[in-house]
Amino acid sequence: MQLHRLGKSLFGKATLATAALSGFVLFAGVPSAKADNCQRRIQHAEHELGEAIEDHGYYSRQADRWRHERHEAYEACEERGYYRNQDGYRNQKRLLP
């Protein structure tokens, strides 16, 4: 009977350790997700700006709104420590030695 309990205990510990390791690996990729969110937010604003210009004209209030949204997206990304290069957004902390 003791061996049976020991087996359950080891199985439970192994399951817990696997779950903890999986959670760590899952959340280790969060900074890249933030960079992707910056890029996605800017691309969305630029797309909507193009649509507003096409539908309502360059000087329309709809185009002005999406210019403002695009500017806000750029500022939000810069405040979080990302800068923009030719490939998109990169985190400054990762690139510094």
Side-chain angles (χ1 to χ4, degrees):
M1 195 71 169
Q2 285 288 11
L3 184 59
H4 185 65
R5 286 185 183 176
L6 181 63
K8 281 187 175 181
S9 177
L10 286 176
F11 180 72
K13 289 179 183 178
T15 303
L16 181 62
T18 303
L21 184 61
S22 298
F24 177 74
V25 170
L26 177 68
F27 291 113
V30 170
S32 63
K34 288 181 181 177
D36 292 341
N37 188 27
C38 281
Q39 188 68 22
R40 189 176 322 122
R41 184 175 172 192
I42 290 170
Q43 285 177 347
H44 175 69
E46 288 179 350
H47 172 75
E48 292 295 332
L49 173 60
E51 291 292 318
I53 290 171
E54 184 178 312
D55 294 343
H56 303 285
Y58 187 82
Y59 297 106
S60 66
R61 62 184 165 86
Q62 291 87 352
D64 285 340
R65 174 182 177 251
W66 285 107
R67 279 187 201 94
H68 177 75
E69 290 293 326
R70 182 182 60 179
H71 180 74
E72 291 289 323
Y74 278 119
E75 281 186 348
C77 292
E78 288 173 5
E79 286 176 3
R80 290 193 309 204
Y82 291 93
Y83 72 97
R84 186 171 188 214
N85 62 10
Q86 294 173 344
D87 300 328
Y89 274 85
R90 299 283 188 251
N91 191 339
Q92 290 177 345
K93 295 176 186 174
R94 286 187 183 179
L95 297 176
L96 295 176

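Start at 1 with the first residue, then count along the sequence.
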K.L.:
With a 4.0 Å cut-off, would you call Arg61 and Asp64 a salt bridge?
P.N.:
no
K.L.:
What's the separation between atom CZ in Arg67 and atom CD in Gln62, rounded to the nearest 0.5 Å?
P.N.:
11.0 Å
K.L.:
Only distances under 3.5 Å count here; give the side-chain donor-acceptor pairs of residues 47-59 to other protein atoms, sequence neighbours excluded, each with its distance to 0.1 Å.
P.N.:
none

K.L.:
Indicate the atoms forming the closest heavy-atom contact of Arg41 with Ala76, along with that distance.
P.N.:
NH1-CB, 3.4 Å
K.L.:
Which residues pass the ring pair (Phe, Tyr, Trp, His ring centres under 6.0 Å) test with His71, sequence neighbours left out?
P.N.:
none
K.L.:
Using side chain to side chain donor-acceptor pair (under 3.5 Å) as the criterion, list what pairs up with Arg65, not counting sequence neighbours.
P.N.:
none
